[in-house]
2 protein chains.
Amino acid sequence: MKTRINFTARPKGRAPEARSGSDKSEYTDDTEAGARRRRRILIVEDEPAMVAGLRDNFEYEGYDVITAEDGVAGLERALADDPDLVVLDVMMPRMSGLDVCKQLKVKRPSVPIIMLTARGQEIDKVVGLELGADDYLTKPFSVRELMARVRAVLRRVSAPARAPEVYRFNDVEVNIRGNEVRRAGARVELSAKEFALLVYFISHPAETLSRDRLLDEVWGYENYPNTRTVDTHIVHLRQKLEPNPEEPRFILTVHGSGYKFVG
Amino acid sequence: MKTRINFTARPKGRAPEARSGSDKSEYTDDTEAGARRRRRILIVEDEPAMVAGLRDNFEYEGYDVITAEDGVAGLERALADDPDLVVLDVMMPRMSGLDVCKQLKVKRPSVPIIMLTARGQEIDKVVGLELGADDYLTKPFSVRELMARVRAVLRRVSAPARAPEVYRFNDVEVNIRGNEVRRAGARVELSAKEFALLVYFISHPAETLSRDRLLDEVWGYENYPNTRTVDTHIVHLRQKLEPNPEEPRFILTVHGSGYKFVG
DNA sequence: GGTGAGTTCACAATTCCTTGACATTATTTT
DNA sequence: AAAATAATGTCAAGGAATTGTGAACTCACC
């Protein structure tokens, strides 16, 4: 599973985890109107080496790439060139990525945005809440991971109209973009971590997730708490969302392995 | 940002603040065929203090560690000793980590590499990834974060055998990713070991497996129980999955040799 | 300083792994 | 073929490991 450039030649068999989705979707796109043109990615980033590296990777993966070197230019290109997705650095000259994101979400609410944040920046605020970015990575990140997230985001947004903003199970409604959870119609207050954990569960249904994996994926690499911290948050989620927290029906324990969400 | 965690010696009792996760993963690791031998990490780094610190930490977390002090030696060891993952410093005598990475990715495309770069080597970051490294950190980094990234990379590369989601035999369905077994549609509760054992059987069909081998592959090297323990687990599997446990049709005894699964 | 989220800790509750004894079956020896 | 020996089947109990849970603690932010 190589990331890229050292594919001098195009590998014959599909790489196991390589984007099987986009190949296939060329002909048989789901529910959508068949045809699938190339996706256009806008990269807004001031560091030339990073731009070059990302451009190579995206083009190798079959995307069209346009770029901008600062926030103002980025916003302009985003509005003018109608990209399918924007990769947006936070730290940039002239206009911060946060502001670009905010404004872009007003003027082009449907365009998905992936933010690149430096380590230590408040990522909680970047996603969801005020800004509305669709995903983010903290630098330094692996290009492979960025590619994976781009694919995932594109799949989400292009996947059918009925890609529901709101996930439901039992009497619970989870509005992911709105950071809101309701139960039997009434608001349930979840903390940021609880919400992030819940979302991760929802997006990996019926899959057993180890505590380590949850820590990596939900908590991130920087701060790596005790695995028991996961348990504590599980308890909170159960208390808030399970009909009977002592006998969970949705957030299940897989003894010796981790937890599993079944919706 | 500490460079080293005070995991110094290996306490027998679990260190309170250590991630209990790694202990646990000895039996049921995700999606993989139950088996979980120790991972071998190659550290290629010229600074002895750094090597010592990393070795301590990796060994504490249950990895086997081999080392090399410069690029040439690192490449040789990587080719000779077949490590599961390589931690590669960029700045080194004789051969730069970048060159090692490049060559290694040609000769052993599948071995994951995590690069260590000095701060300020901004370009090298991207270059490192262009060369096919799977992840990287900038010095000084926290050992915790390195550990987390190592785990994440190993999980990514070892998991994606996403091919067969569900194995079936008779009226039994085994969903590996979800740690779930169904029989005639109804859930069957298996313990972690039972599940790991079953998965191992499934992935070695029609092959006679000795108790010793099962202990090695499913139980792991660390704790090595009585061979009769295997029998006990076999009994449980038969009771839960065989149409007639007294006359097994799928989990067969090979008298004097071990057991065999025929699906 | 107060507040709340996140984390850690301690202890209880639970699960299940392991062991050993004995029963049963298979294989070898007489 | 019967007896002797070895291997496997089975089960219950003890102990180890894992998880549930409430409370204390830390830290950033008002």
Side-chain angles (χ1 to χ4, degrees), chain A residues 120-125 129 179 188-198 208-212 214-215 218-220 222-240 242 244-248 251-260, chain B residues 12-28 34 144 179 188-198 208-212 214-215 218-220 222-240 242 244-248 251-260:
Chain A
Q121 288 176 324
E122 278 308 321
I123 51 185
D124 290 341
K125 294 178 179 169
L129 302 188
N179 274 63
V188 177
E189 298 294 340
L190 294 192
S191 76
K193 275 279 187 296
E194 289 164 4
F195 188 79
L197 182 57
L198 176 61
T208 298
L209 306 170
S210 71
R211 292 175 177 75
D212 277 347
L214 292 171
L215 287 175
V218 177
W219 272 255
E222 288 77 14
N223 32 4
Y224 208 83
N226 194 311
T227 53
R228 302 308 311 278
T229 299
V230 176
D231 301 47
T232 300
H233 284 264
I234 292 286
V235 169
H236 294 155
L237 281 183
R238 283 174 174 164
Q239 288 174 344
K240 292 177 180 178
E242 286 278 356
N244 177 9
E246 278 131 51
E247 241 179 76
I251 302 169
L252 307 181
T253 301
V254 182
H255 192 101
S257 299
Y259 295 98
K260 176 169 71 169
Chain B
K12 27 246 44 288
R14 161 168 314 113
E17 51 146 14
R19 329 161 307 94
S20 59
S22 71
D23 297 327
K24 164 204 55 197
S25 58
E26 293 189 20
Y27 1 110
T28 43
R144 263 190 176 185
N179 276 61
V188 177
E189 299 291 342
L190 294 193
S191 77
K193 274 276 189 292
E194 289 163 5
F195 189 81
L197 182 57
L198 175 61
T208 298
L209 306 170
S210 72
R211 292 176 176 74
D212 279 343
L214 291 172
L215 286 175
V218 178
W219 271 256
E222 283 78 13
N223 30 5
Y224 211 85
N226 194 314
T227 54
R228 302 309 313 281
T229 299
V230 176
D231 301 53
T232 300
H233 284 265
I234 293 287
V235 169
H236 294 154
L237 281 183
R238 283 174 174 163
Q239 288 174 342
K240 292 177 180 178
E242 287 279 356
N244 178 10
E246 280 130 49
E247 236 178 81
I251 302 169
L252 307 181
T253 300
V254 182
H255 195 98
S257 301
Y259 296 99
K260 176 170 69 169

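In what follows, every chain begins at residue 1, and chains take the letters A, B, ... in the order their sequences are listed.
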note = Those residues at least two apart in sequence (or on a different chain) that pass side-chain hydrogen bond (donor to acceptor under 3.5 Å, both in side chains) with B:Lys260 are none
inquiry  = Report for the helix from C:dG1-D:dC30 to C:dT30-D:dA1: angle between first-end and last-end helix axes, five pairs each, rounded to 10 degrees.
reply    = 30°
Shorter than 3.5 Å, N or O on both sides, protein versus nucleotides 11-15 of chain D: list them out with atom names.
{"residue": "D:dC11", "atom": "OP2", "partner": "B:Gln239", "partner atom": "NE2", "Å": "2.9"}

inquiry  = Just to verify, what does A:Arg238 make a side-chain hydrogen bond (donor to acceptor under 3.5 Å, both in side chains) with, not counting sequence neighbours?
reply    = A:Thr253
What pairs of nitrogen or oxygen atoms, one from the protein and one from nucleotides 22-30 of chain C, lie under 3.5 Å apart?
none

key: Distance test, side-chain N/O of A:Tyr259 to OP1/OP2 of D:dG20, below 4.0 Å   = yes
ask   = In Å and rounded to the nearest 0.5 Å, what is the OH to OG distance from A:Tyr259 to A:Ser210?
value = 11.5 Å
ask   = Roughly, in whole Å, what's the span from CD1 in A:Ile251 to P in D:dT19?
value = 16 Å
Distance in angstrom units between A:Leu214 CG and C:dT7 C1', rounded = 16 Å
Length of the line joining B:Leu190:CG and C:dC17:P, which is rounded to integer Å = 10 Å
message = How many whole angstroms separate atom CD of B:Glu189 from atom P of D:dT18?
response = 19 Å
request  = Take atom CD of A:Glu242 and atom C1' of D:dT21, then tell me their distance rounded to the nearest Å.
outcome  = 16 Å
ask   = What's the shortest heavy-atom distance between B:Pro248 and B:Leu252, and which atoms?
value = O-CD2, 3.2 Å
key: Within-4.5 Å side-chain heavy-atom neighbours: B:Phe195 and A:His255   = no
Between P of C:dG6 and CG of A:Leu197, the distance in whole Å = 11 Å
note = Taken to the nearest 0.5 Å, the spacing of B:Leu197 CG from B:Leu215 CG works out to 9.5 Å
query = Reckon A:Trp219 has a side-chain N or O less than 4.0 Å from the OP1 or OP2 of C:dG6?
reply = no
ask   = Of the non-hydrogen atoms in A:Thr208 and A:Gly258, which two are nearest, and what is the gap between them?
value = CG2-N, 4.4 Å
query = Expressed in angstrom and rounded to an integer, what is the separation of A:Asn226 atom CG from D:dA24 atom C1'?
reply = 15 Å
query = Which part of the nucleic acid, if any, lies within contact of A:Thr253, taking any heavy atom under 4.0 Å across all strands shown: a base, the sugar-phosphate backbone alone, or nothing?
reply = sugar-phosphate
key: Any residue meeting side-chain contact (heavy atoms from CB on, under 4.5 Å) with A:His236, in chain and number order, not counting sequence neighbours   = A:Glu194, A:Thr232, A:Gln239
message = Between A:Arg211 and D:dT18, is there a contact of a side-chain N or O with OP1 or OP2 at under 4.0 Å?
response = no
remark   = In this structure, CD1 of B:Ile251 is separated from CG of B:Leu237 (nearest 0.5 Å) by 4.5 Å
task = Could you tell me the separation between the CG atom of B:Leu190 and the CG atom of B:Asn179, rounded to the nearest 0.5 Å?
result = 9.0 Å
ask   = Just how far is it from atom CG of A:Asp231 to atom CZ of A:Arg211, taken to the nearest 0.5 Å?
value = 4.0 Å
key: Between D:dG22 (C1') and A:Glu246 (CD): distance, integer Å   = 13 Å
request  = Indicate yes or no for a side-chain donor-acceptor contact from A:Lys240 to the backbone of A:Glu189 under 3.5 Å, with no hydrogens or angles considered.
outcome  = yes
task = Report yes if a side-chain nitrogen or oxygen of A:Thr229 is closer than 4.0 Å to either non-bridging phosphate oxygen (OP1 or OP2) of C:dT8; otherwise report no.
result = yes
